[in-house]
Amino acid sequence: MANSRRLLYILGVAFAAAAALGLRWRAVTMLPIDYDEDDYLRAGQIYAAGFARGEWAIVTRENYRFEHPALAKLMYGVVFALARLPVDSIVVDVPIVAAPANSLPEPFLTGGRSTSAVIGALQVLALALLNPLAGLFLAIHTWQIKYTSQIMLDALPSFFGVLAVLLYVRSQSNWNAWLILSAGAAGLAMASKYLHAVVAVAIIADYSRVMYNRRPPAGWGDAGRWLGPIAAWGTVVALAFFLADPYLWPDPAGRLLESAGAVTFTTTNSNVESANFPFWQPLVWLSGPVPWHAGVFVLALDLYISVLAVLGFPRLWRRHRVFALWLVIALALLLVWRTKWPQYILVLTAPLCLAAAEGFSERVWEPLSGRLRRRRSGRLPAAGERESAPDTRRAIPWLVPGLIGLLLLTIFPLVCQFAMSLTDFNALSIKDGISGGVWREVWLGLTFQRTPRALELFSRPSGSSAVHFAGPGLLLQLFFGLGSNVLFFNVMWSALSVALQAALGVSAALMLDRTGVRFRNGWRVIFILPWAIPEFVGALIWLRIFEPDYGWLTQSLPADVVLPRFFDDPNFALICLLIAATWHGFPLIMLAATAGLKLAPREVYDAAAMDGAGLWAQLRYITFPLLWPLLAPAIIIRSIFAFNQFYLFWVMQSPFPLTTFATVSYFMFSSFGGGQYAVSAAINIFTVVVLIGLILWFNRVSKVGEGVTYA
Amino acid sequence: MSDKLPLGKQMLYQAIALFIAFTVLFPIMWVVSLSLDPRDLSRPPDFRLIPPGASLKAYSEVLSQPTANPVTFAELAFNSLRLAASVAAVSVFIGILAAYSFSRFEFKGRRSLMLSVITVLMLPSVATVAPLFVMLNRLNVDIGSIEFNLRNSLWGVGLALTSSSLPFAIWNLKGYLDTIPKELEEAARIDGASPNQVFFLIVLPLAVPALAVTGFLGFLSGWTEFVMSWQFLSNPKDFTLAMSLWNMTGQFSGDTPWSKFSAMALMVALPVAMVYLLLQKYIVGGLTVGSVK
């Protein structure tokens, strides 16, 4: 048994590494030239030319694009020199904001890219040694493939990052050779790209935790014993960093400062300004595959890797604390850091894939294999689980009107939507479509009498007056994360807006419920008012307040205070939308919480206070357990409502990715969006599936939810 | 435990409550102020609750002819009322029947049917516009002298709106019915009541709060809906209040007649707000009690 497991493990590791290498090789040959590849190619060539002349001191003199540390560039130089590539002419120096080069000299391009790819595959191998499935996820992660198959800086530091953490885990937080090696690897990661210093931060965080748990310091005087090893570890990191970046040797402080100054420059340069990403953009990238370069990556499962990672995070936290800390710290940094480039997410793909692997074993593999084992051992679930149906006959007359209504008015439209999503039905083919064209094409398509016509999700409608079968292409594009910017915003929106409403609603209810508060009924009536105002009227009023030109806010501020423009600054737009939604939504939660508080007998609190329970303990152990059953349905209603929120976004005309699927779907349907009925239908089908997934997840988290939805 | 709070704490709570009340009321007060302003400014230079030269002119204008179409406020309101009331009535009527069977009978496919109700509950209501448009557009009603296209009529809009309020009605009413103890009905059955009598004399009276709430929320969806109506209706005689109100806000906020808009917004919101405030206890009970078992 142990032997077969070992064999399986070895096969898994080998398969992950082979897949990584194969996919990266494919990307090396197929990817077009990207921004910055010319820069790092040039940097490598400069070093290689120096080495060819026997001028070794060039490493202390040159560091093209000095805002980044030298190690990764040095690696390209060494590879070019070792391969004895003839460096006759060096790629020209262009400004950092220039468009990608049209062509780069061979064999440098393929040589540099292959070096990246090999390092990327080594990283997969390293992670696969810890967990083969995590390695496999890392191997197929499209962002990981892209940026480790180009002449970029990111392959080397993410490899060293994984190495550092693995060595640290091997050391078991004891002061031994492994620990020193991990410090060295962390230093090398930093010397390849500053951002990857988060690995060192994560290790320090975990190391301090372990040290603290082993023997908590008795007092401040004792803290030295505890901090000493950590400081020593940090010093080794710094030393390795310094040694690996020869450009710093002549003038460490000055050149480090110079580099840091350039980093602040790049955070404000015009590329960043025009990209104008919201703070949550890294999460958008993580919730979908690379949207460019169709056909290069073979698989596009990034969305599902991220979903599994969310599910697996609790287990990652229990089993691999240092990886969990790494994930959390890196994510926090990416959210806060103003510069947002997609390659930055490589700083956390490794722990993300490990979390996904844990999620897969906990939520998919173990339940499945458990069921299989039970079936094999003959312990099937009892036959009594089938529904008994004594009342079918009596129920029918009661059900008939409802069933007819549902079938005609809801199920039939849902089926229609599904059929429409399989075609290219749009405003131009409306005549054919509404006179049966949709059904004709779907029938012909599903019986293989039509070859599907390819369709892009966000493209111009095709110019034909007849409907054509398009296959499940649109739906597949959505399910593989092509709408990831809207998907992520939509999920984030439901969570944030409902959380704010719940927080404000519950706090208001709690405050007004304290004994002796005066005018409580008066306040309550006032607080309920926004709920009584139709949503679109409320949205119009808030639009009038936040509107950048005419809005009340702009006018009431002093002339020299310039408000961020609603449509240009997604972060500001999110705040405006959240304010409007909270204003409208908190009363329902407040009312539900008030009703719940009435159920809690005062004596319980008095008894708890007698037993010495503080205010927080009373809230935590008495109030919330009593409130939750009442709040859960209100929260579910609000969440479904927030996920499908339409009027607010339509009225406020919020800028594109800041919207809900319901709004996009309606926009695509309406004449503004070109009447793309098929796209609109596909989005609706996708929305329902996502919502069912979210509700099922909520049911898992809260038993109450189950009562509400299945009842 | 004394019933009096220390003065400091009392002041703190009152201050917080005042702050929330201000935030809540500010947009509302502001609309009131705009509606009283005869200058019809898109950029009033200052904010005063009662603007200089305040008058009710905007209100009288809205009452006589709110839009460019030759339709009075009363006609629009009547259309809205008919639409909203029929949506409410139909969804409550069908909803309570289905909810009763889901709650009280064990039958084949009960769970999967209920699950499908919840699934369609999650469908955004704007999502059903396209297929319903197609379906209703093909139906022409022709009864003697009355002849119209179902899509291009308030009937059609009402049917379309019912499609989104019906699943909610079934779900919410079923949740409430589940809380009514079965023993009551069993006792009535033993005393010789027929199933219909049990339903009409025992269950229905007990379900009144939930019926009121479900009906009211259905009414609200009809009263405030404008997207589907704009897609479906073409005759100004059929337009509703919400449609006209939305129509007033032009492409750019500079074009909007703000005084009239604000006056009309208040007049549209007022009846619903009144009912809300009167029914608030019912509403919360009807929405949440269903889950406490």
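Chain A is the first sequence line, chain B the second, and so forth, proteins listed ahead of strands; every chain is numbered from 1. Because the structure is predicted, anything quoted here is derived from the model rather than measured.
Between B:W223 and B:S80, some side-chain heavy-atom pair lies under the 4.5 Å cut-off. With a 4.5 Å cut-off on side-chain heavy atoms, B:L173 and B:Y100 do not count as touching. Contact annotation: the side chain of B:F219 never approaches that of B:V87 to less than 4.5 Å [non-hydrogen atoms, C-beta and beyond]. The closest side-chain heavy-atom distance from B:L34 to B:F261 is not below 4.5 Å.
A:R524 is linked by a salt bridge (charged side-chain N to carboxylate O under 4.0 Å, His left out) to nothing, counting only residues two or more places apart in sequence or in another chain.
Proximity to chain A (any heavy atom under 4.5 Å) is restricted, for B:V31, to the side chain, taken from C-beta onward. Of the atoms belonging to B:Q10, it is side-chain heavy atoms, and not backbone ones, that fall under 4.5 Å from chain A. In this structure, the portions of A:V651 lying under 4.5 Å from any heavy atom of chain B include both its backbone and its side chain. B:V90 does not touch chain A: none of its heavy atoms, backbone or side chain, sits under 4.5 Å away. Looking at B:T23, only its backbone comes within 4.5 Å of chain A, counting heavy atoms on both sides. With a threshold of 4.5 angstrom between heavy atoms, B:L113 approaches chain A through side-chain atoms but not through N, CA, C or O. For A:L540, the part lying near chain B is the side chain, with the backbone staying farther off; criterion is any non-hydrogen pair under 4.5 Å. Contact annotation for A:S680: neither backbone nor side-chain heavy atoms come within less than 4.5 Å of a heavy atom of chain B. When heavy atoms are compared at a cutoff of 4.5 Å, A:I526 approaches chain B by way of both its backbone and its side chain. For B:A169, no part sits under 4.5 Å from any heavy atom of chain A, backbone or side chain. Only the side chain of A:F586 comes within contact range of chain B, with heavy atoms under 4.5 Å apart. Using a 4.5 Å cut-off between heavy atoms, B:F226 contacts chain A through both its backbone and its side chain. Only the side chain of A:L403 comes within contact range of chain B, judged by heavy atoms closer than 4.5 Å.
A donor and an acceptor atom, one from each side chain of B:S103 and B:D178, are located under 3.5 Å apart. When only modelled atom types and interatomic distance are considered, B:S165 and B:T162 share no side-chain donor-acceptor pair under 3.5 Å. In summary, the side chains of A:Q417 and A:S421 do not present any donor paired with an acceptor at a separation below 3.5 Å, with no hydrogens or angles considered.
Applying the 6.0 Å contact sphere to CZ of A:F418 captures no more than 12 heavy atoms from other residues, nucleotides or ligands.
Annotation: maximal heavy-atom pairing with chain B below 4.5 Å, among A:V415, A:I528, A:T663, occurs at A:I528. The most heavy-atom pairs under 4.5 Å with chain A, out of B:S164, B:A242, B:A265, B:S262, come from B:A242. Between chain A and the residues B:V227, B:I96, B:L132, the most heavy-atom pairs under 4.5 angstrom are made by B:V227. For the set A:I545, A:V438, A:T687, A:V400, the entry with the most heavy-atom pairs within less than 4.5 Å of chain B is A:I545. Note on B:S91, B:A273, B:A160, B:S163: by heavy-atom pairs under 4.5 Å with chain A, the leading option is B:S163. The choice from B:T224, B:L220, B:L266, B:V268 that makes the most heavy-atom pairs within less than 4.5 Å of chain A is B:T224. Per-residue counts of heavy-atom pairs under 4.5 Å with chain A were compared for B:V272, B:I170, B:L245; the largest is that of B:L245. The candidate from B:A269, B:A98, B:P27 with the greatest count of non-hydrogen atom pairs under 4.5 Å with chain A is B:P27.
For the ring pair (Phe, Tyr, Trp, His ring centres under 6.0 Å) with A:F646, the qualifying choice from A:Y666, A:F667, A:F661, A:F669 is A:Y666, the only one to do so.
For the pair A:I541 and B:W30, the tightest heavy-atom approach, listed with the atom from each and the gap, is O-CZ3, 4.0 Å.
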Please set out all donor-acceptor pairs under 3.5 angstrom arising from side-chain atoms of residues 633-642 of chain A, sequence neighbours excluded.
unit_1 : atom_1 : unit_2 : atom_2 : d
A:R638 : NE     : A:Q501 : OE1    : 3.2
A:S639 : OG     : A:I635 : O      : 2.7

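In this structure, B:F26 and B:F22 have tilted ring planes: the angle between them lies in the 30° to 60° band.
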